[in-house]
Amino acid sequence: MRLFDTLTRTDRDLRPIDGTTFRFYCCGPTVYGPAHIGNFRTFVLQDVFRRTLETGGTRTLHVRNITDVDDKTIRDSQKAGKSLSEFTAAWTAKFHADCEKLGLLPPHIEPGAVAHIPQQIDMIARLIAKGHAYASEDGSVYFKISSFPGYGSLSRLDERELDLGKTQNARSSSDEYEKDSLSDFVLWKARRPEDGENFWQSPWGEGRPGWHLECSAMIEEYLGDSFDLHSGGVDLVFPHHENEIAQSQCACGGHFAAHWFHITHLLVDGGKMSKSLGNLYTLEDLAAKGFSAMEVRYVLIGAHYRKPLNFTLESLSGAREALAKLAKGARQLAAKVEPGTLLSSADFGPFQNAWNSLNNDLNTPGALGGIFTGLREAAHLSGAEAAAALAGLNRLLRALGLTLPEEAAVESVEIPADVHALAEKRWQARLAKNWAESDVLRGQLTELGWSMKDGKDSYALEKIS
RNA sequence: GGCGGAGUAGCCAAGUGGUAAGGCAAUGGUUUGCAAAACCGUCAUUCGAGGGUUCGAUUCCCUCCUCCGCCUCCA
């Protein structure tokens, strides 16, 4: 597949460096609360990315970390009166549950920062030995940006008016640590009183690792000094990924990530999502409004990953209808195929365009459009062609990670006796072609909060929500 | 202010130097006592505004307007 690369700003073909397995790393969540749909846009697109590679026959190694120590996890665990590990374990479990609902494939490896402190300390020691880092008097360690000429290549720092020297004066008064240059970033944070019990021993004294370091250390541990792709939300380009490049290339040599895949942020109702605006949605918030995680997933893949996606409740309703339409189309296609037919998956039949879209810079909305168009074409197919089309459709749905809703599962709701009696009465009136009375009775049912829909030989009662 | 991205029908949203995918909503018809459901249709002379290049631009260039992101630990 071809994918846009943030570093070179070009579309490039993806080929595993080692020729067999595509190895990639995704910056995972900081577990101090429930992830919101903006976080999940990134994780869902990374999931579609992986599924597309695998559907195309490429084996993958997917590593995604859990950030379980930083300012926020420490602060909020203290607020909650829990130990850091107890606190982050609970939110990690919640994250996993949400991921499963969204149909996200679990990463092959999911390392946590706290479990990799020795590796982080080792990396810092190497950076100091090579002259890329220095310890300050308080026991913190900083990366010396001036020691790495390549710094800023990913975010094009040299083209920005970010004068690393100049900003120092303006901000040094509020800086709590002692750095040579303000732009230098922290690798090891000396223990502070507010850290409570959350500190570890190091050659530089008690403290904890800086945020940027964990990814570099875990990448080295599981992917080595060179690997295929690194991914995250756009906000991580600077400084997080920039710092990772500096740390890893200086400590390990190697070229680090061969490709950078960044997902653009989600907008809600045309603007930034924020708690104060009341539009920061978690899966739970949306479930409370009656929307399933799969409907959320459909909306999230409904826009190209490099364009802003405007999330609205209206688009969620649209997703429900669209999924139902897809499910119906899939059922109709399946009905044309003899049960037991061996489904060929050599090509995608009428869904070839959809598959091509997915492989052309992960164009998920293009792929969805192609599926609906393909479904229309597939309606005219039969026999082996229909079987091949069905196979193609199934592969595509798997690549997108979409699980289609089952045929209208009738919910068994308790129907009050008076409602039931009224309905029976109306049904009899209707059978007697007494339309006037029939309509009056339906009006009464409506007032009780029930709608009555007539079928050929029976009727259905539905609670009006 | 610097850098980056975006403005396509009521909403979500693809796409292309050659005359606008798809989904939702809406709407017409068939059907149904009427509804609902289902099925079959319709639905952007136009792509933020104004210039330019071109036989031809929504697509390339310039200017302007609006929105969004990043600018030191936010996916």
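Here is the naming used below: chain letters follow the sequence lines, and residue numbers restart at 1 for every chain. Values below: every heavy atom of this structure, side chains too, minus hydrogens, waters and symmetry copies.
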Worksheet item: So what does A:Asp235 touch, heavy atoms closer than 4.0 Å: a base, only the sugar-phosphate, or nothing?
Response: base
Discussion item. Whether the side chain of A:Arg320 and the base of B:rC24 hold a donor-acceptor pair under 3.5 Å is what I'd like checked.
Written reply: no
Worksheet item: Hey, does A:Pro308 reach any base, or is it just sugar-phosphate, or nothing, if we go heavy atoms under 4.0 Å?
Response: sugar-phosphate
Discussion item. Can you check the distance between B:rU72 and B:rC11, where both ends of the measurement are the P atom (answer in whole Å)?
Written reply: 35 Å
Practice prompt. Could you please name the option among B:rG69, B:rA75, B:rU72 that lies closest to any side-chain atom of A:Pro239?
Written response: B:rU72
Response to the item:
Nearest heavy-atom contact between A:Cys99 and A:Phe40 is SG-CE2, 4.1 Å
Worksheet entry | Mutual orientation of the aromatic rings belonging to A:His230 and A:Phe256 [parallel < 30°, tilted 30-60°, perpendicular > 60°] | tilted
Item to complete: Please work out if A:Arg64 contacts a base, only the sugar-phosphate, or nothing of the nucleic acid, heavy-atom cut-off 4.0 Å.
Response: nothing
Worksheet item: Nearest-Å distance, CH2 (A:Trp450) to P (B:rA36)?
Response: 21 Å
Discussion item. Base, sugar-phosphate or nothing for A:Ile371? Non-hydrogen atoms, less than 4.0 Å.
Written reply: nothing
Discussion item. With rounding to the closest Å, how many angstrom separate the C1' atoms on B:rC62 and B:rU54?
Written reply: 16 Å
Item to complete: Identify which nucleotide among B:rA13, B:rG23, B:rG33 has an atom closest to any side-chain atom of A:Ala322, counting heavy atoms from C-beta outward.
Response: B:rG23
Fill in: Test: A:Asp70 and A:Arg208 ion pair at under 4.0 Å
no
Worksheet item: Over how many whole Å does the gap from A:Phe311 atom CZ to B:rC11 atom P extend?
Response: 18 Å
Worksheet, complete the sentence: Separation between CG (A:Leu187) and CE (A:Met123), nearest 0.5 Å, reads 10.0 Å
Worksheet entry | A:Phe372 side chain, from C-beta outward: closest of B:rC11, B:rC34, B:rG22 | B:rG22
Discussion item. Please report the distance, rounded to the nearest Å, between CG in A:Leu400 and C1' in B:rG23.
Written reply: 14 Å
Fill in: Residues, nucleotides or ligands: over 12 heavy atoms within 6.0 Å of A:His420 NE2
no
Practice prompt. Using modelled atom types only, decide if a donor and an acceptor are shared between the side chain of A:Glu220 and the backbone of A:Ala217 within a distance under 3.5 Å.
Written response: no
Fill in: Heavy-atom donor-acceptor pair, A:Arg306 side-chain to B:rG69 base, under 3.5 Å
no
Worksheet item: Atom CG of A:Leu236 and atom C1' of B:rU72: how far apart are they, to the nearest Å?
Response: 13 Å
Fill in: Plane angle bin for A:His132 and A:Phe143 - parallel if under 30°, tilted between 30 and 60°, otherwise perpendicular
parallel
Discussion item. Centre-to-centre under 6.0 Å for A:Phe24 and A:His62, is that the case here?
Written reply: yes
Worksheet item: Is A:Ile263 touching bases, backbone alone, or none of the nucleic acid, heavy atoms closer than 4.0 Å?
Response: nothing
Practice prompt. Check salt bridge (charged side-chain N to carboxylate O under 4.0 Å, His left out) between A:Lys453 and all other residues, then give those that pass, not counting sequence neighbours.
Written response: A:Glu462
Worksheet item: Touch check for A:Gly38, heavy atoms < 4.0 angstrom, all strands: base, sugar-phosphate only, or nothing?
Response: base
Discussion item. Closer than 3.5 angstrom, by distance alone: can the side chain of A:Arg41 be matched with the main-chain N or O of A:His265 as a donor-acceptor pair?
Written reply: yes
Practice prompt. Could you work out which one of B:rA75, B:rG69, B:rA13 sits closest to the side chain of A:His36?
Written response: B:rA75
Worksheet entry | B:rA75 to B:rG15 separation - C1' atoms, rounded to the nearest Å | 27 Å
Practice prompt. Examine B:rG33: is either OP1 or OP2 under 4.0 Å from a nitrogen or oxygen in the side chain of A:Arg430? Give yes or no.
Written response: yes
Practice prompt. Remember a base hit wins even if backbone is also touched, and classify A:Ser317 as base, sugar-phosphate or nothing at under 4.0 Å, heavy atoms.
Written response: nothing
Discussion item. So, under a plain 3.5 Å distance rule, would you say the side chain of A:Lys189 forms a donor-acceptor pair with the base of B:rC73?
Written reply: yes
Worksheet item: What nucleotide, of B:rC70, B:rG5, B:rA75, holds the atom closest to the side chain of A:Arg9?
Response: B:rG5
Worksheet item: With a 4.0 Å cut-off on heavy atoms, is A:Gly318 in touch with a base, just the backbone sugar-phosphate, or nothing at all?
Response: sugar-phosphate
Worksheet item: Okay, side chain of A:Ser140, backbone of A:Ala190: is any donor-acceptor separation there less than 3.5 Å?
Response: yes
Worksheet, complete the sentence: From CH2 of A:Trp427 across to C1' of B:rG33 the rounded distance in Å is 12 Å
Worksheet entry | C1' spacing across the pair B:rU42 / B:rA25, given as an integer number of angstrom | 14 Å
Worksheet item: Between A:Tyr25 and A:Arg64, is there a cation-pi geometry (under 6.0 Å to ring centre, at most 45° from the normal)?
Response: no
Discussion item. Please compare A:Phe43 and A:Gly270 by the position of their nearest nucleotide in RNA chain B and report the one closer to 5'.
Written reply: A:Gly270
Worksheet item: Hey, are A:Asp71 and A:Lys189 close enough for a salt bridge, meaning a charged N less than 4.0 Å from a carboxylate O?
Response: yes
Worksheet item: Side chain of A:His212: nearest nucleotide among B:rC73, B:rG22, B:rA13?
Response: B:rC73
Worksheet item: Is any N or O donor-acceptor pair between the side chain of A:Asp454 and the base of B:rC34 shorter than 3.5 Å?
Response: yes
Worksheet item: A:Glu321 has an atom CD; how far is it from atom P of B:rA38, in whole Å?
Response: 8 Å
Return the polar atom pairs (N/O with N/O) between nucleotides 7-10 of chain B and the protein under 3.5 Å, or none.
residue: B:rG7; atom: OP1; partner: A:Lys307; partner atom: NZ; Å: 3.2

Worksheet item: Rounded to the nearest Å, what distance is computed from the CE atom of residue A:Met452 to the P atom of nucleotide B:rG33?
Response: 14 Å
Worksheet entry | Rounded P spacing from B:rU8 to B:rU46 in Å | 16 Å
Item to complete: Among B:rA75, B:rG23, B:rC34, find the nucleotide with the atom closest to the side chain of A:His265.
Response: B:rA75
Worksheet item: Nearest to the side chain of A:Lys325 - B:rG23, B:rA75, B:rC74?
Response: B:rG23
Practice prompt. For the pair A:Glu284 and A:Lys94, find out whether any cationic side-chain nitrogen is under 4.0 Å from an anionic carboxylate oxygen.
Written response: yes
Fill in: Separation of the P atoms in B:rG48 and B:rA13, to the nearest angstrom
14 Å
Item to complete: Assign A:Ser438 to base, sugar-phosphate, or nothing according to its heavy-atom contacts below 4.0 angstrom with the strands shown.
Response: base
Worksheet item: If you look at every strand shown and take non-hydrogen atoms under 4.0 Å, does A:Asn243 touch a base, only sugar-phosphate, or nothing?
Response: nothing
Discussion item. Could you check whether the side chain of A:Asn363 and the base of B:rG15 have a donor-acceptor pair of N or O atoms closer than 3.5 Å, going by distance alone?
Written reply: no
Worksheet item: Paired stems touching RNA chain B, three or more consecutive Watson-Crick or G-U pairs with both distances under 3.5 Å?
Response: B:1-7 with B:65-71, B:10-12 with B:22-24, B:26-30 with B:38-42, B:48-52 with B:60-64
Worksheet item: Whole-Å distance between B:rA75 C1' and A:Leu104 CG?
Response: 13 Å
Worksheet item: From the list B:rU32, B:rC71, B:rG23, which nucleotide is the closest neighbour of the side chain of A:Tyr298?
Response: B:rG23
Item to complete: Pick base, sugar-phosphate or nothing for A:Arg75, based on heavy-atom distances below 4.0 Å to the nucleic acid.
Response: nothing
Fill in: From B:rC73, B:rA35, B:rA14, nucleotide with atom closest to A:Ala303 side chain
B:rA14
Discussion item. Under 4.0 Å, counting only non-hydrogen atoms across every strand here, what does A:His304 touch: a base, just sugar-phosphate, or nothing?
Written reply: sugar-phosphate
